[in-house]
There are 4 protein chains.
Amino acid sequence: MPRLTPAAEQERRDRIINAALDCFAERGVHATTMQDICRRSGLSPGAVYCWFPGKETIIEAVARQRHQHERELLDTALHAADSRTALHAFFDAYFDWLADPAEQHRRRVSVLVWAESLVDDRLRSIVGDGIAQRTLALDAIRSGQAAGTVTRHADADAITRLALALIQGFILQQAWEPEVDIEGYRRALDLVIDALTPRQAD
Amino acid sequence: MPRLTPAAEQERRDRIINAALDCFAERGVHATTMQDICRRSGLSPGAVYCWFPGKETIIEAVARQRHQHERELLDTALHAADSRTALHAFFDAYFDWLADPAEQHRRRVSVLVWAESLVDDRLRSIVGDGIAQRTLALDAIRSGQAAGTVTRHADADAITRLALALIQGFILQQAWEPEVDIEGYRRALDLVIDALTPRQAD
Amino acid sequence: MPRLTPAAEQERRDRIINAALDCFAERGVHATTMQDICRRSGLSPGAVYCWFPGKETIIEAVARQRHQHERELLDTALHAADSRTALHAFFDAYFDWLADPAEQHRRRVSVLVWAESLVDDRLRSIVGDGIAQRTLALDAIRSGQAAGTVTRHADADAITRLALALIQGFILQQAWEPEVDIEGYRRALDLVIDALTPRQAD
Amino acid sequence: MPRLTPAAEQERRDRIINAALDCFAERGVHATTMQDICRRSGLSPGAVYCWFPGKETIIEAVARQRHQHERELLDTALHAADSRTALHAFFDAYFDWLADPAEQHRRRVSVLVWAESLVDDRLRSIVGDGIAQRTLALDAIRSGQAAGTVTRHADADAITRLALALIQGFILQQAWEPEVDIEGYRRALDLVIDALTPRQAD
DNA sequence: GATGAATGAGACTTCATTCAT
DNA sequence: AATGAATGAAGTCTCATTCAT
């Protein structure tokens, strides 16, 4: 029983997480059995339980993986010079990602996780961490408001919520209708962003 | 025990649906057992199965009930004279409803149903019917665009999607954080609506 | 709540028995629910339980009804003058009955009852009563042997069993294959009867 | 716990089939619960469901096992040189088997299966396969008729049916009365066989 | 580290029977 | 006598998890 290298360990874990992700995307979290995950990952139940203590933990790992890219996008965007640019850059990067066909099927799982998180405390804190990144944007919005590049007619908190809603709502609609016209949505989105980031003080 | 009146039948069904709704809101759809629903409704398993052929059907009935009020709100709003008024009226009515504390707990179930609908065909068509009402608003938006009361810088379809996203995204955030500042969000929302419905032709 | 006349009572009971018989013939005894019997008889569960204390009792009544005609056939046959005539008469009458298309579907229930009787004591005694009529024929066979009209090369008991087997086996085969050639079987049967009832002492 | 050898697999299956057979013989097919089969086989429900997808399939396996020996007896008998010898050999072998006390209790299950097959399509085809072996004997009977070793006064088909009835009828009677005099029955049977297989052309 | 047969609690559902009306 | 909604014990089966090999 030779101990696996860390890289090999990670490979096992990723294999399981991706198998679970695919299964979840196809039949949902609850309809997916551990056997499904075993079959899809090519591992035996015993092997899977070597790397995860239970189904719950696998779901959590999947949830974490789902939020990882969103975090990176936000991080990047927040480094922009001014708020207006940041907002545009963030939405641009985010919707480029949403337009990626390879990710669309798997992103259904994000919605499943949102729902699950309403009912599962551990998952709630994971999803909460992701959502909490909204607060990272708060300062940027506030300084934008101070500098006059973001409207002062609305609360910074509300603005971030609204921005988040525009993303989450779209993700939901895209999950229901994968063929949704993303470019049209982006154009409408630009109007909103422009309204929130006036060229001249309003 | 002579035949129940149609009203009494409906009362039974509603009792079951509401019991299920409460259970779902508390522990989620899958963690809720038929026994839970029986206990909460005060009926025996046999009695529940008198009125619903199975758990699946109860979930569907709950889903349908969830969409009912939204439909009514939209219906009402669409009778407004012009697009701008309609849009404002619709959001006003909708967010009045979202502000109702009595409904907030149960509305978590809407999110659960959204997720479930990605994975369950029958539910998908029920949710789809609800979402499809967005298309009812399309004509109103289009005539608004013709009349110059709605911006022509974005596609009518995209505008309705965006409006829907602003609601769905908020529902999601409210489900996660019941104490979210709804009034602040409404004010930010007004900016968006104003941007979409210019006072003078743009 | 006027008490029914005895005739009306019997009508109710027969209605239930026949409904049960039809259901049993179609789906078997166990797959038939009391609801099935209610539907088919046009009575409510309460009404059925007025006339029978339970499903068990209905099955027993059906079993009794099944054996009634056989008993009559045997009774008649046993009144014949001599054994050889009696045997021929009995088989003739019995197979005339078996040839009646109206009875064939319902006779499947006889086989179901045979099986059930192996496992249900009350039913066993009912079926046993029917089978025991075989012993009524024993004396006739014995006196036939004494008179030289029935072979002495076999035990009277065995002869009655064999005769019974020829009927029961056919009933079974007819239940499986309703289109079985009954006339051919009767001709072969004649050979057997002839062998058992020699024209001259053997 | 590495993969079971095919032999070990078969052992599991047989253990379950035999446990079911014993239970069926005691209380009937429907009164036997999966728990009964589990207890008797010494396996847990999960283990049983590893090897059979459901109760239905276990019943079918039991039915198949019941017909297996009959098939072998018939096969053997059909290899005899001439029809008369074959018929005698077949009945001899068959009734030797019927006389085996070890088998008598379990053979009650054959009757249960006959009944069930009237009402369950899958079972019908299994039992049908067993019964259909009667047709294998048809050719032997026909050539016997051509050679003058089997009576021409009856149809070959009817003769095989009659022979089958003599067995099935006895099985039924033995199921009801285990102490039935099998030797007496065999002597009476010899008379019948002699009648069907005349020493000189008739 | 890995295997996969086995475990067993518990889920959904059925259905013979009852009883208030 | 009859109705039919309601009861609830019991049945079949699933599936996350374990552990001997």
Side-chain angles (χ1 to χ4, degrees), chain A residues 1-5 8-9 12 30-39 42-59, chain B residues 1-5 8-9 12 30-38 41-58, chain C residues 1-4 8-9 12 30-39 42-59, chain D residues 1-5 8-9 12 30-38 42-58:
Chain A
M1 46 203 84
R3 187 155 193 84
L4 258 52
T5 66
E9 282 197 19
R12 288 285 192 294
H30 289 98
T32 295
T33 69
M34 287 301 271
Q35 274 302 333
D36 290 333
I37 297 176
C38 292
R39 253 191 301 276
L43 297 172
S44 66
V48 169
Y49 277 87
C50 273
W51 305 107
F52 290 94
K55 190 184 180 184
E56 192 67 13
T57 321
I58 296 178
I59 300 173
Chain B
M1 197 176 276
R3 175 169 284 288
L4 259 50
T5 63
E9 281 197 20
R12 289 289 189 294
H30 289 98
T32 294
T33 70
M34 286 304 274
Q35 276 303 334
D36 291 333
I37 297 176
C38 292
S41 66
L43 296 172
S44 65
V48 171
Y49 279 89
C50 273
W51 305 107
F52 290 95
K55 190 184 179 184
E56 189 67 14
T57 321
I58 296 179
Chain C
M1 43 206 85
R3 187 157 194 86
L4 260 53
E9 282 197 19
R12 289 283 191 296
H30 288 98
T32 295
T33 69
M34 287 302 270
Q35 273 303 332
D36 291 333
I37 297 175
C38 292
R39 253 191 302 275
L43 297 172
S44 67
V48 169
Y49 276 87
C50 274
W51 305 108
F52 289 94
K55 189 184 180 184
E56 192 66 16
T57 322
I58 296 178
I59 299 173
Chain D
M1 197 175 280
R3 174 168 283 288
L4 260 50
T5 64
E9 280 197 20
R12 288 289 189 295
H30 289 98
T32 294
T33 70
M34 287 303 276
Q35 276 302 335
D36 291 333
I37 297 175
C38 292
L43 296 172
S44 65
V48 170
Y49 280 88
C50 273
W51 305 107
F52 290 94
K55 190 183 179 186
E56 190 67 14
T57 322
I58 297 179

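As a basis for the values below, the full set of heavy atoms in this structure was taken, side chains included, without hydrogen atoms, waters or symmetry mates. Lettering of chains follows the sequences in order, A, B, ..., and the numbering in each one begins at 1.
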Could you check how far CG of Leu4(D) sits from P of dT21(F), rounded to whole Å? 12 Å
Just call it for Thr33(C): base, sugar-phosphate, or nothing, with non-hydrogen atoms closer than 4.0 Å on any strand. sugar-phosphate
I need the NE2-C1' distance between His30(A) and dA16(F), as an integer number of Å. 12 Å
Rounded to whole Å, CD1 of Ile58(C) lies from C1' of dC15(E) at a distance of 14 Å
With a 3.5 angstrom cut-off on both distances, give the Watson-Crick or G-U wobble partner of dA6(F), or none if there isn't one. dT17(E)
Proximal nucleotide (of dA9(E), dT14(E), dG4(E)) relative to the Pro45(B) side chain: dT14(E)
Rounded to the Å, how far apart are Lys55(D) NZ and dA10(F) C1'? 12 Å
If you assign each of Leu43(D) and Gly54(B) to its closest nucleotide in DNA chain E, which residue comes earlier from the 5' end? Leu43(D)
Closest non-hydrogen atom pair, Ser44(C) against Cys38(C): C-SG, 3.9 Å
Minimum heavy-atom distance Lys55(B)-Thr32(B), with the two atoms named: NZ-O, 2.8 Å
Whole-Å distance between dA6(F) P and Tyr49(C) OH? 18 Å
Closest contact, heavy atoms only, Gly54(C) versus Met34(C): C-CE, 4.5 Å
Rounded to whole Å, the CZ-C1' distance (Arg12(C) to dT3(F)) equals 13 Å
Show the nearest heavy-atom pair for residues Ala31(B) and Asp36(B), with the distance to one decimal. O-OD2, 3.7 Å
Please figure out whether Thr5(A) or Gln35(B) has its closest DNA chain E nucleotide nearer the 5' end. Thr5(A)
May I ask you to test the Ile37(B)-Phe52(B) pair for a side-chain heavy-atom distance under 4.5 Å? no
Taking 4.0 Å as the cut-off, does a side-chain nitrogen or oxygen of Arg3(D) come that near to OP1 or OP2 on dT21(F)? no
Whole angstrom value for the distance that separates P of dC15(E) from CE of Met34(C): 13 Å
Between Gly46(C) and Thr32(D), which has a closest nucleotide on DNA chain F that is more 5'? Gly46(C)
Taking for Pro53(D) and for Trp51(B) the nucleotide of DNA chain F with the nearest heavy atom, the one nearer the 5' end belongs to Trp51(B)
What integer distance in Å separates Asp36(B):CG from dC12(E):C1'? 13 Å
